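One structure is given below, encoded as structure tokens.
All of these numbers come straight from a predicted model, not from anything done at the bench. The chains referred to below are lettered A, B, ... by the order of the sequence lines, with proteins before strands, and numbering in each begins at 1.
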Amino acid sequence: MPELPEVEVTRRSFAHAIAGADIRHVRLGKPLRWPLGLAPEALIGRTVLQVRRRGKYLLIDLSEGLLLLHLGMSGSLAFVPELPEAGKHDHFDLFTSQGSLRLHDPRRFGAVVYASAEDAPVAHKLLGGLGVEPLGEGFDPVSFRRGLVGRTAPIKQVLLAGDVVVGVGNIYASEALFLAGIRPTVPAARLGPVRIARLHAAIVHVMQTAITKGGSTLRNFSNAHGQSGHFQTQVMVYGRDGEPCHQCGSLIKAIRQGQRSTFYCAHCQKL
DNA sequence: ATGTAAACCTGTGCGC
DNA sequence: TGCGCACAGGTTTACA
């Protein structure tokens, strides 16, 4: 479910409310992708300092150590004064003095992992290989181009890999390539400065717009207040297989790339 | 080092 | 209505 915009929207929806809260109790449901890495009781008494984001990870800084949180494919967070009884897909609850944070994740590809520090081995293993932030200073056309050197894989798959630029998932990769007019199947290294500059701008634009719109709610994404996003209403190609292109009217195509669906307009994306 | 496929798990929608 | 299959917003792991 969540790509960078959804994760950022989630972060903004509860970061302020949870800052300064003291942890009073922790409840674990079924196992997630990785074990917490710490006895849950050990978190009691620690204070939440702030919530940051790196790629699709949320970093919850504590008075001692931090929690790395990932929403996987189907995760969402809720931050509420009073939690209802846990359902079958509620696998992590953090009860604090200022409200409770709950991770709901039916497929359990998500994770909550404790790290003693941001450069501790656990954290480094998860965050170490990540590319630059698309909305950060490090993302510019020149360094973007350097990152694509030697990459013979299709540009769509290189975007998804996340080692060049982070946070671009299956929806926004298709959308950004459409905006840039680039064919998703082009080998990444064959993109020249002009197309790379267009793609760079498209990625930044799509990410910013999606955040502004509250993310995309395809099935059931919502922020920590239960509010849906509405970027999906202005999607140009994702999930529009067989429908007319909003720009030229020809029918949107769907192909498989690396076991993921890709959507594009063969007329608008010829580069 | 890079590329590709399988794996993790549950739910939903579709064709028969 | 039920069954089986394909597919779903991600990322690690194993192997070419």
Check: Asp93(A) and Val26(A) side chains under 4.5 Å, non-hydrogen atoms
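No - every pair of side-chain heavy atoms lies 4.5 Å or more apart.
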Flag the pair Glu133(A) / Arg54(A) as yes when at least one side-chain heavy-atom distance between them is below 4.5 Å, and no otherwise.
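Glu133(A) reaches Arg54(A) side chain to side chain.
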Can you tell me how the ring of Phe79(A) sits relative to the ring of Phe14(A), calling it parallel under 30°, perpendicular over 60° and tilted otherwise?
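Phe79(A) vs Phe14(A) ring planes: tilted.
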Parallel, tilted or perpendicular, as decided by the 30° and 60° cut-offs, for the rings of Phe139(A) and His200(A):
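Plane angle between 30° and 60°, so tilted.
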Value in whole Å for how far the [atom2] atom of [N] lies from [atom1] of [X]:
X	N	atom1	atom2	result
Leu127(A)	dG10(C)	CG	P	17 Å
Arg260(A)	dG10(C)	CZ	C1'	6 Å
Asp105(A)	dG10(C)	CG	P	13 Å
Met73(A)	dT12(B)	CE	P	15 Å
Gln257(A)	dG3(B)	CD	P	13 Å
His104(A)	dG11(B)	NE2	C1'	10 Å
Leu69(A)	dG10(C)	CG	P	16 Å
Asp90(A)	dT10(B)	CG	C1'	14 Å

At under 4.0 Å, does any side-chain N or O of [X] touch on OP1 or OP2 of [N]?
X	N	value
Gln157(A)	dG3(B)	no
Arg256(A)	dA8(C)	yes
Arg108(A)	dT10(B)	yes
Lys30(A)	dC9(B)	no
Lys88(A)	dG11(B)	yes
Ser74(A)	dC9(B)	no

Counting only side-chain heavy atoms from C-beta out, which of [options] sits nearest to [X]?
X	options	answer
Ser261(A)	dG10(C), dA8(C), dG3(B)	dA8(C)
Tyr57(A)	dT12(C), dT4(B), dT2(B)	dT12(C)
Trp34(A)	dA8(C), dT12(C), dA6(B)	dT12(C)
Gln259(A)	dC9(B), dA5(B), dT4(B)	dA5(B)
His70(A)	dT4(B), dG10(C), dT10(B)	dG10(C)
Pro2(A)	dG10(C), dA6(B), dT2(B)	dG10(C)

Per-pair stack call Phe109(A) and dT11(C), 5.5 Å, 30°:
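Not stacked by the 5.5 Å and 30° rule.
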Between Pro106(A) and Arg151(A), just flag the one whose closest nucleotide in DNA chain B comes earlier from the 5' side.
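Per heavy-atom nearest nucleotide, the more 5' residue is Arg151(A).
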Out of Glu3(A), Gln257(A), Glu175(A), Lys156(A), which residue meets the side chain to side chain donor-acceptor pair (under 3.5 Å) rule with Asn170(A)?
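Filter result, single survivor: Lys156(A).
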Which part of the nucleic acid, if any, lies within contact of Arg33(A), taking any heavy atom under 4.0 Å across all strands shown: a base, the sugar-phosphate backbone alone, or nothing?
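The answer is base, as Arg33(A) lies within the cut-off (heavy atoms under 4.0 Å) of a base atom.
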Using a strict cut-off of less than 4.0 Å between a Lys/Arg side-chain nitrogen and an Asp/Glu carboxylate oxygen, indicate whether Lys56(A) and Glu6(A) qualify as a salt bridge.
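No, this pair does not count.
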Is the distance from the ring center of Tyr172(A) to that of Phe231(A) below 6.0 Å?
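They qualify: ring centres under 6.0 Å apart.
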Measuring from Thr47(A):OG1 to Leu62(A):CG, what's the distance to the nearest 0.5 Å?
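Answer for the OG1-CG pair, Thr47(A) versus Leu62(A), is 8.5 Å.
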Would you kindly compare Arg107(A) and Lys125(A) by the position of their nearest DNA chain C nucleotide and give the one closer to the 5′ end?
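Closer to the 5' end of DNA chain C: Arg107(A).
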Can any side-chain N or O of Ser143(A) pair as donor or acceptor with the backbone N or O of Asp140(A) at less than 3.5 Å?
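At least one qualifying donor-acceptor pair exists.
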Determine which bases of DNA chain C form Watson-Crick or G-U wobble pairs with both distances under 3.5 Å, and write the result as a 5' to 3' dot-bracket string with | for other-strand partners.
.|||||||.|||||||
